Amino acid sequence: MSDVLSLTAVIAACAPAFATIPRFPSHPLTSRIAMKVKTRFAPSPTGYLHIGGARTALFSYLYARRHGGSFVLRIEDTDLERSTPEAVNAILEGMAWLGLDYDEGPFYQTKRFDRYKEVIQQLLAEGKAYYCFCSKERLEKLREEQMAQKLKPRYDGCCRDLGRVPKPGEEAVVRFKNPLDGEVVVEDRVKGRVVFQNAELDDLIIARADGSPTYNFTVVVDDMDMEITHVIRGDDHLNNTPRQMNILRALGVEPPVYAHVPMILDEQGKKLSKRTGAASVMEYRDMGYLPEAVLNYLVRLGWSHGDQEIFSLDEMIALFDIEDLNSAASSLNLSKLAWLNQHYMRTLDPQYVARHFRWHLGRRDIDPSNGPAPERVVQVMADRVKTLAEMAAAAEFFYREPQEYEEKAARKNLTPEAVPVLEELRQRLSALPEWTAPAIHEVVAAIAESGGLGMGKVAQPLRVAVSGTSVSPPIDVTLDVVGRESTLRRIDRVLAYIRAQQG
RNA sequence: GCUCCCAUCGUCUAGCGGUCUAGGACGCUGCCCUCUCAAGGCAGAAACCCGGGUUCGAUUCCCGGUGGGAGCGCCA
């Protein structure tokens, strides 16, 4: 128990702003008539916020919002071995980045051990749970035997009717007395009616030898105490559902509505792992996606509303319905995310996009204060890149005058023939009364015409001079953003470069 | 092995027995536009897993197969 306390203390210390003290009614709810909708997201803090988790969180969030209900965040940290304060922060950070705000929580299960113990005692007292003294060795052997007989491994109920309490110092776990016959029907909102035979289930452990509660039990107690009305979670939990429903009923509570959403697979259709694909939400930020794009992408993965592809958060809230969820697993498709991301980079307020863009500039050690305003760069670059990370890379020349020129671009455009063109450009640009894109365009076009050259013969050497590459926004726009002073310096530099090549 | 879930273009999906010679989107291909890269416009290739039923009629309903996936812990 002492490590429990120390872990929660560490969590509280690391995330003081979030370390809310849980307050629940001390008596379990026995009726939920006309309850307002309440959903929850209940991740276990063992790593990062998984993209699949983010999607079920989004669905839960949308459903609660849609129905004027509330959305609860609960941290399932009963696994003291694997839960870490860093992982808790990673989850909170991911939620915050996505903008999925919760109305209640985060609640920590490690702070509710007293409550779980109380319920365990209640079940014990009512004869709905019992102490089991079977050794791990015996259970292991049992499992092996059953496997050998091609049976599903499960507890044989050895201690079920012992009716014995552990002697002082004696090790014992507590098991739930699952009904021996009959069936449990899950009226799942996405999978439909799923029937489980109680005979397939066994008496699961609800308290370990050290007295700590186990997952399937804490979930039940929390969903009950927190008055969760709709449980939207990954379909890997579908098989746990009948057990949870049985415990809930033993506690005198009717189960919530369940909706088991399919899992997300990587681009190869395999299970998502840190190796094969971006599994963590924060990786998407790092790759340069906007939260709006990620949210829009996730909501369309397994959910649809006719042919509509673009959804603002408000639209999602207005249109989301569990009935429209798909029941099959879906694979990630990053190129679609990229398309959405570009859409949002182009259509969202440039000031807003620039806030995220600045972060990516920062990652490249670019200080935008000695260059064009980031929102301006966002406006001219959004059409030509898929991510903010790409944008930061492609926009670097706006903030740093090129020190060298891309090999191929230089060979093709920085030729002796370009010298007179660049010289004339330099002269006429420096004489320009107004530094605006239209004025710049006139100069470039006039030089092309008078020299009997195509626009490319003029714009390309200039582009290489200014950007160091053969790719940039339209040349007039590029120069406008770069500014006159810097443009002239860059032309001088490239002229020197060409002459040096000759010499 | 047992239990449970799933199955429409490469991918996300629409379809809720006839309107399907199966629609949209991303991606892809071609053309147009063009100072580069894009963006944009237009056109195009591309799917109902297989086999049985039910029905006047199945992509849609039922069963079986096959193929994926999940669960079967003193993990969550």
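Chain letters run A, B, ... following the sequence lines, proteins first, then strands; residues in each count from 1. The structure presented is a predicted model; accordingly, all values stated were derived computationally and were not measured.
- Legend: ring pair (Phe, Tyr, Trp, His ring centres under 6.0 Å) pairs involving residues 201-223 of chain A, not counting sequence neighbours, sorted by first then second residue: Y215(A)-H237(A).
- Under the 4.5 Å side-chain criterion, counting only non-hydrogen atoms from C-beta, E406(A) is in contact with S470(A).
- Heavy atoms of L151(A) sit under 4.0 angstrom from at least one base atom.
- Across the protein-nucleic acid pair, D236(A) atom CG and rA70(B) atom P stand 9 Å apart, rounded to whole Å.
- Residue-level contact check: S472(A) touches the bases, meaning some heavy atom is under 4.0 Å from a base atom.
- Taking only side-chain atoms of S335(A), from C-beta outward, the nucleotide of rG73(B), rC26(B), rA70(B) with the closest atom is rC26(B).
- Distances from the side chain of M263(A) to the nucleotides rA70(B), rA7(B), rU36(B) place rA70(B) closest.
- The residue R82(A) sits close to a base: some heavy atom pair falls under 4.0 Å.
- Using a 4.0 Å heavy-atom criterion, one finds that Q342(A) contacts the sugar-phosphate atoms exclusively.
- Residue E267(A) contributes atom CD, which lies 16 Å from atom P of rG10(B) at whole-angstrom precision.
- rU59(B) and rG41(B) are spaced 35 Å apart, taking the P atom of each and rounding to whole Å.
- When each of rC74(B), rG1(B), rG24(B) is scored by its nearest atom to the side-chain atoms of K150(A), the top-ranked nucleotide is rG1(B).
- rU13(B) sits 15 Å from rC49(B) when the P atoms are compared, rounded to a whole Å.
- Taking the six-membered ring for Trp and the full ring otherwise, the centers of Y405(A) and Y497(A) sit less than 6.0 Å from each other.
- Across rC26(B), rC37(B), rA39(B), the shortest atom-to-atom separation from the side chain of N333(A) is found for rC26(B).
- Among the atoms of the strands shown, base atoms are found under 4.0 Å from some heavy atom of H237(A).
- Here V173(A) lies in heavy-atom contact (under 4.0 Å) with a base.
- Straight-line distance between the P atoms of rA58(B) and rU19(B): roughly 12 Å, to the nearest whole Å.
- Here the side chain of P153(A) is nearest to one of rG27(B), rA76(B), rC72(B), namely rC72(B).
- A209(A) comes within 4.0 angstrom of a base, heavy atoms only.
- Using bins of under 30°, 30° to 60° and over 60° for the plane-to-plane angle, the ring pair F59(A)/F320(A) lands in the parallel bin.
- In this structure rC31(B) sits in a base pair with rG41(B), meeting the Watson-Crick or G-U test at under 3.5 Å.
- Figure legend: cation-pi geometry between R164(A) and F133(A), with NZ or CZ positioned under 6.0 Å from the six-membered ring centre and within 45° of its axis.
- Between T478(A) and F397(A), some side-chain heavy-atom pair lies under the 4.5 Å cut-off.
- Residue-level contact check: K386(A) touches the backbone only, with heavy atoms under 4.0 Å from sugar-phosphate atoms and none from bases.
- Atoms CG and CE, on L462(A) and M455(A) in that order, are 10.0 Å from each other to the nearest 0.5 Å.
- Rounded to a whole Å, the CG atom of D235(A) is 17 Å from the P atom of rG68(B).
- Straight-line distance between the P atoms of rC4(B) and rA47(B): roughly 35 Å, to the nearest whole Å.
- Spacing between rC12(B) and rG71(B) at atom C1', rounded to whole Å, works out to 27 Å.
- Within the 4.0 angstrom heavy-atom criterion, only backbone atoms of the sugar-phosphate kind lie near E200(A); the bases stay farther away.
- The environment of D349(A) atom CG is dense: over 12 non-hydrogen atoms of other residues, nucleotides or ligands sit within 6.0 angstrom.
- Taking atom C1' in both rA39(B) and rU34(B), one finds a spacing of 11 Å when rounded to whole Å.
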Every protein N/O within reach of nucleotides 21-23 of chain B N/O, cut-off under 3.5 Å:
unit_1, atom_1, unit_2, atom_2, d
rG23(B), N2, D307(A), OD1, 3.1

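- Base engagement by K136(A) is indicated by at least one non-hydrogen atom pair under 4.0 Å involving a base atom.
- For the side chain to side chain contact (heavy atoms under 4.5 Å, CB included) criterion with V190(A), the lone passing option out of D235(A), L238(A), I322(A) is I322(A).
- Across all strands, D202(A) comes closer than 4.0 Å to no nucleic acid atom at all (heavy-atom distances).
- Counting any heavy atom pair closer than 4.0 Å across all strands shown, S470(A) reaches a base atom.
- Counting non-hydrogen atoms under 4.0 angstrom, G269(A) reaches nothing in the nucleic acid.
- T214(A) has no side-chain polar atom (N or O) that falls below the 4.0 Å cut-off from OP1 or OP2 of rG73(B).
- The nearest heavy atom of RNA chain B to L301(A) and to L337(A) marks one nucleotide each, and the one closer to the 5' end goes with L301(A).
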Check nucleotides 62-67 of chain B for protein N or O atoms closer than 3.5 Å to its own N or O atoms and list the pairs.
none

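- Listed by chain and number, the residues in a ring-ring contact (aromatic ring centres under 6.0 Å, His included) with Y131(A) amount to none (sequence neighbours excluded).
- Taking 4.0 angstrom as the limit, S467(A) places none of its side-chain polar atoms (N or O) nearer than this to OP1 or OP2 of rU36(B).
- Rounding to the nearest 0.5 Å gives a distance of 11.5 Å between CD of E424(A) and CD1 of I491(A).
- Comparing rC6(B), rA14(B), rG1(B) by their nearest atom to the side chain of N326(A) picks out rA14(B).
- Remark: P of rC37(B) and CD of E396(A) are 22 Å apart, rounded to the nearest angstrom.
- Whole-Å rounding puts the K191(A) NZ to rC4(B) P distance at 14 Å.
- Heavy-atom contacts from other residues, nucleotides or ligands closer than 6.0 Å to CD of E315(A) number more than 12.
- The stretch residues 287-298 of chain A has no heavy atom under 4.0 Å from RNA chain B, so no residue of it qualifies as close.
- Look at R143(A) and you'll find a side-chain N or O under 4.0 angstrom from OP1 or OP2 of rG73(B).
- Distance L340(A) CG to rU13(B) P: 13 Å, rounded to the nearest Å.
- Straight-line distance between the P atoms of rC33(B) and rA25(B): roughly 24 Å, to the nearest whole Å.
- In a base pair of the Watson-Crick type (N1 to N3 plus N6-O4 or O6-N4) or a G-U wobble (N1-O2 and O6-N3), with each distance short of 3.5 Å, rC72(B) is matched with rG1(B).
- A salt bridge does not link E417(A) with K457(A): every distance from a Lys NZ or Arg NE/NH1/NH2 to an Asp or Glu carboxylate oxygen is 4.0 Å or more.
- For rC5(B), the OP1/OP2 oxygens have no side-chain nitrogen or oxygen of S327(A) closer than 4.0 Å.
- In this structure, the nucleotide among rA70(B), rA25(B), rC37(B) sitting nearest to the side chain of V471(A) is rC37(B).
- Using C1' as the reference atom, rC48(B) and rA14(B) are 12 Å apart when rounded to the nearest Å.
- The phosphate of rA14(B) (OP1 or OP2) has a side-chain N or O of S304(A) nearer than 4.0 angstrom.
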With sugar-phosphate taken as primed atoms, P, OP1 and OP2 and all else as base, the protein-contact string of nucleotides 30-35 of chain B at under 4.0 Å (heavy atoms; B, S, -) is -----B
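- A donor and an acceptor atom never sit less than 3.5 Å apart when one is taken from the side chain of Q146(A) and the other from the base of rG1(B).
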